[in-house]
Amino acid sequence: MCGIVGYIGNRDSKEVLIEGLKKLEYRGYDSAGIAVFTNNGLEIRKSKGRIAMLEDKLKSEPIEGTVGIGHTRWATHGKPSDVNSHPHTDNSSKFSVVHNGIVENYLDLKDELGAKGHVFVSETDTEVISHLIADEYDGDIVSAVQRAVKRMRGAYALGVLTEYEPTKLVAVRFASPLVIGIGENENFIGSDIPAILEYTRNVYILNDGEMAVLTRSGVELMTTSGDIISKEIFHVDWDLVTAEKAGFDHFMLKEIHEQPKAYRDTMLGRISDDGKSVELKEIGMTTEQIRGISRIHIVACGTAFHAGLVGKTVIESLARIPVETDVASEYRYRSPIITPDTLVIVVSQSGETADTLAALREAKRNGARVLAITNVVGSSVARDADDVITTWAGPEIAVASTKGYSSQLIAFYLLGLYLAQERGTVEEAKVAEIVAAMNKLPDQVESILEQANVFKGVAESMSKHDNLFFIGRGLDFAVAQEGSLKLKEISYIHSEAYAAGELKHGTLALIEDGVPVIALVTQEDLYEKTLSNIKEVKARGAHVLGVANAGYEGEVMKSVDEVFSIPRTLPLLTPALSVVPLQLLSYYASLARGNDVDKPRNLAKSVTVE
Ligand code: M6R
């Protein structure tokens, strides 16, 4: 996920571009750059790091001009660096491109263009686009872009400039967002409306396969096949703060709703076309090395640790390797048994958590191979690990992790299947069955989200209590722990998560009239046992909300006060669904208590101290 902007008009374009990029920084912030037509031709300034670094560079190396494009990057292909930053150009430096998306066939295109003499300087897929457009150019930039995109597979929103036609800015979209802002004697492009809202409220929203040719005096819209189209102007009537949250009241709610996309993006390109195997090309271990793993340690903090609890069950049941899951801040101090055939998996959304990083380094010092699951390309964890599985959830801004957690679950499912394939512990048919069920998860999450409002009322009554319990068995217990943390951190209600069968060994003493208990009942083989535990709390006056699989809600309702059903999936995959109602309950409970949902007290998004 990256952000792009573009401007053609009479203002100093760099001011417009920089302001636009700042609004898009939530889409990525590991590097930034702009390209501007100056008196010397097309000039580029770009820099690794935040936009502030680019601003510093522009002070020492100023550029001026009234037409330009800009980009803020969230690295996918190639680590964050000056050379991998956008805008990219071709060998003649006459073309410049900013891109949001992924060109899946970029390696094939790169080989082909390389054979024709094109020389590439970066590791990015985007650089290939600028070469491709240059290669297709025969005096008309619009048709060159049309021919180029026909050859590209994947997702793209592009802003394109060429020195040969300095009065045009070309924009094109497929599967990545792009809007066109209409001004007076000036026009704009942006990955989303906030990037241009300061200058205009009149926009065209491009659909897939559509493009726009912007000049100072107008915007021509067409399809990538060249058919001229007309569109209604969309008048924006909301303010900037709302817009950055895409209409949601809080980043957390937005991020909860982004989970279907995070699931799809994390699976993209990692499942074979026939759906019978998982392909994790990013793992450099040979089959022999994978077969030689004798134990796995999963190490992480907070929510990522809870994902690791699910990961343990997933890997043990599929790949039959013994797994221990540890809190990173404890790991180093318990003298863990780490041997060269130990695989240590560190999990960190931000990739910058100090405890996790310290545990990673300890594992490496002891000779273990380290695999990281992280959401941030180029983060410290990603850089230090031997292998990295990136979760493509996009930047997570709310302190409470939601899509970060659930995309880590997807990464564990992929990893568990991959290890199992390599070790020969699962049949191809089983892999195909799990993969088919995984492919359904995004739509199933969407169906839960459609009922988000149902949780408001329940959460409001929960918010009046000071103590609450989550219970479940097996994977339900793992999810219960995540639900409990989420509730605590943003609603400030004290809650505990218990293995449902463990209550009777002490905690049951805390259950009295009206105490809310959230019971997860999604593991069908443990179903009857969990229902018995629910009856134990009901008998002591608890008010129980059950989370059950569709088809079982009637039966569960006999033992609880309220029930919420989640779509049916394989038992191993239920955490990817059952966590969503718990996230929504926490969100609405926090709201009901009037808390700052996105920035809860005492906490920070990235914890870089031990
Ligand atoms: O960035 P990380 O995944 O390493 O962060 C770990 C924890 O600090 C984080 O999950 C924290 O528990 C969240 N605020 C929970 O919502």
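FYI, the numbering just counts along the sequence from 1.
Aromatic ring orientation, His250 versus Tyr587: perpendicular (interplanar angle above 60°, classes split at 30° and 60°).
We find that Asp443 and Lys440 are not joined by a salt bridge, their nearest charged nitrogen and carboxylate oxygen being 4.0 Å or further apart. Under 4.0 Å is where a charged nitrogen must lie from a carboxylate oxygen, and between Lys14 and Glu61 no such pair does. Ion pairing of Glu282 with Arg270 is present here, as a side-chain N (NZ or NE/NH1/NH2) and a carboxylate O approach within less than 4.0 Å. A salt bridge is absent between Lys116 and Glu112: the closest approach of a Lys/Arg side-chain nitrogen to an acidic carboxylate oxygen does not fall below 4.0 angstrom. Using a 4.0 Å cut-off between a side-chain N of Lys or Arg and a carboxylate O of Asp or Glu, Glu19 and Lys22 qualify as a salt bridge.
In this structure, His99 contributes its side chain and Ala155 its backbone to a donor-acceptor pair below 3.5 Å. With hydrogens and angles disregarded, a donor-acceptor distance shorter than 3.5 Å links the side chain of Glu255 to the backbone of Ala398. Here the side chain of Thr66 pairs no donor or acceptor atom with the backbone of Asp12 at under 3.5 angstrom. Listed for the Lys254 side chain is no donor-acceptor partner under 3.5 Å among the backbone atoms of Gly247. No donor-acceptor pair closer than 3.5 Å links the side chain of Ser407 to the backbone N or O of Tyr263. In terms of modelled atom types and a separation under 3.5 Å, the side chain of Lys403 and the main chain of Pro395 share a donor-acceptor contact. Side-chain atoms of Asn100 never come within 3.5 Å of backbone atoms of Ile4 as a donor-acceptor pair (strictly under, hydrogens ignored).
Using a 4.5 Å cut-off on side-chain heavy atoms (C-beta onward), Arg73 and Thr124 make contact. The side-chain heavy atoms of Val142 and Gln146, taken from C-beta on, include a pair separated by under 4.5 Å.
In this structure, a donor-acceptor pair under 3.5 Å is present between the side chains of Asp90 and Ser92.
Shown here for Glu186 and Gly9, the closest heavy-atom pair between the two residues is CB-CA, 3.7 Å.
Under a cut-off of 6.0 angstrom, the local environment of NZ in Lys599 is sparse, with at most 12 non-hydrogen atoms contributed by other residues, nucleotides or ligands.
For residues 194-235, the set of pairs meeting the ring-ring contact (aromatic ring centres under 6.0 Å, His included) definition, not counting sequence neighbours, comprises Phe188-Tyr199.
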